[in-house]
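For ligands, and for the atoms within them, numbers begin at 1 and follow the listed sequence.
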Amino acid sequence: MSHPALLPVPAAVSWRSTPAFALTETTAITGPRDAGTAVADALATRTGVRPRLATADPGDAASGPAEGAIDLRVEAGGAPESYRIRVDADRIAVTAPDAAGLFYAAQTLAQLATSTADGWTIAAVDIDDAPRFGYRGVMLDVARHFHSVATVRAFIDRAALLKFNHLHLHLSDDQGWRLALRSRPELTAHAAGTSVGGDPGGFYTQDDWADIVAYAAARHLTVVPEIDVPGHTHAVGLAYPALAADPVLSEHVLETVAAFGGAEPTPGVAYDGMAVGFSSLKIHDEATYAFLADVFGELARLTPGPYLHVGGDEALGTPPEDFALFMSRVTRLVADLGKTPITWHEAGAAAGLAPDTIGQYWGFVTPTDGMDEKTRTFVRNGAQVILSPADAIYLDMKETPDSPLGLTWANGTTSLERAYAWEPTAIVAGIGEGDILGVEAPLWTETVRDLDDIDQLAFPRITAAAEVAWSPQHHPDRTWTSFAARVAGQAAHWDAAGIRYHRSAQVAWDAPASADDSAPGAHEVA
Ligand code: ACM
């Protein structure tokens, strides 16, 4: 018997050979309403069969007697976000210590659903699952190309399917500022109009922002907003020229302009090219810190999650002492607002960061240029790190050389296998399991205009990030062969959800997904 493909692979799965549960329109769901809706939605998307919420309308005679029940319960005990599923012929019992666990169980139930000659069924199984890391992130760059609320919602839907729990939005860069702030209205009035390549820009109103935050929260994702400073700030200078240092036109910047086109960065002119590292806020001007106090103060009030990301990457024209002074001040400002600062790993070069500042590593799987040492600073300070090794997990790298979308600067192309074959504790020497808050897959959008482009670059490689972030390091199905087969097993699910994934040549899309049959951990229990 072939079993459904589960991705990310759960910590423990025991298939039983007893009869399956039959899923029908009269299947009743009992339990907390939000979780029940999540289960009904997940199953309906996958199967077209929407079980009914028994709690919603217990007296609805028209829907008839329940043929079976999916019973959802919050029960104390167990790790945060964990869940258990037991499927019998007449009943599915789901327990979790929290609402997030029930939500993840809903995603797993949808992956379990199987189309048979007798309709949709869910095989008899016991699953006991919990995440490896507490922070499982995806990032969308809405600055290089602006992405609408509808697209962000769709991206959240995709992330939720794979049990990601943080959405990092890169809200500002040289090319644009994407969030309206009441304290600094000039930003979106003057710096939001364009994207890379002269494409249209845009920004989120505060109502849009509240919508994104709430939509994410309903799917158990915490929004992590990033305002990238002191570099990546050319757009700030369009709104507040007095805050911007003159662009530093390094050889790297001029080479990028030559390779990818666009004009050289010019003060007061919207920048729509792809160069990095030329812009900076003025470090020794108190007006800069008044600006940051307004921006991060307002962002803190608008954002319920614990983190504010302050960037700190690629400040290539900023002298090291100035950079250190700046990063110390901006991380302390954020900490004083009651939020935990996150910076890219470069800020680890700065002494005097706010002590709980989290570092996000974006070097390669094998660190170069002292990036590992900068990353260790955060752990030495007593804080944790997020790992985003660019040559494994940057979703905007080309998967194959002929891809019309994506870039190749991170060690060339990133195949699905390369996206899968890395281990978080093996990246930075001295940084072990307990030092790692989690894993995040960024999608930068220099070449990415819309949801189709996002899907093409993100899928299927986003599933590798999901499994690295969620599944145990040591597990019989944590192999490339099992993973590739389970990716193939998602195709029907993605088709049903309207996800326009790339049909990676490394995946046997049309083969039956049964890799977990042969894996030693998938026991048959009578
Ligand atoms: C980065 O890719 N500059 C964080």
Inset, instruction - Please say whether the positively charged group of Arg219, taken as NZ for Lys or CZ for Arg, lies over the ring of Tyr215, i.e. under 6.0 angstrom from the six-membered ring centre and within 45 degrees of the axis. - result: yes
Inset, instruction - Could you name each residue pair satisfying side-chain hydrogen bond (donor to acceptor under 3.5 Å, both in side chains) that touches residues 257-274, not counting sequence neighbours? - result: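 Sorted result for residues 257-274: empty, none.
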Inset, instruction - May I have all residue pairs that pass side-chain hydrogen bond (donor to acceptor under 3.5 Å, both in side chains) and include part of residues 374-384, sequence neighbours excluded? - result: Glu373-Arg376, Glu373-Arg380
Legend entry - Neighbour list for ligand 1 [protein residues, heavy atom under 4.0 Å]: Asp313, Glu314, Trp344, Trp362, Tyr394, Trp444
Inset, instruction - Please list, chain by chain and in numerical order, all residues satisfying ring pair (Phe, Tyr, Trp, His ring centres under 6.0 Å) with His170, sequence neighbours excluded. - result: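 His170 satisfies ring pair (Phe, Tyr, Trp, His ring centres under 6.0 Å) with Trp444 once adjacent residues are dropped.
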Inset, instruction - State yes or no: are the ring centers of Trp470 and Tyr104 separated by less than 6.0 Å? - result: yes
Legend entry - Reference residue His309; test ring-ring contact (aromatic ring centres under 6.0 Å, His included); the match among His168, His166, His232: His168
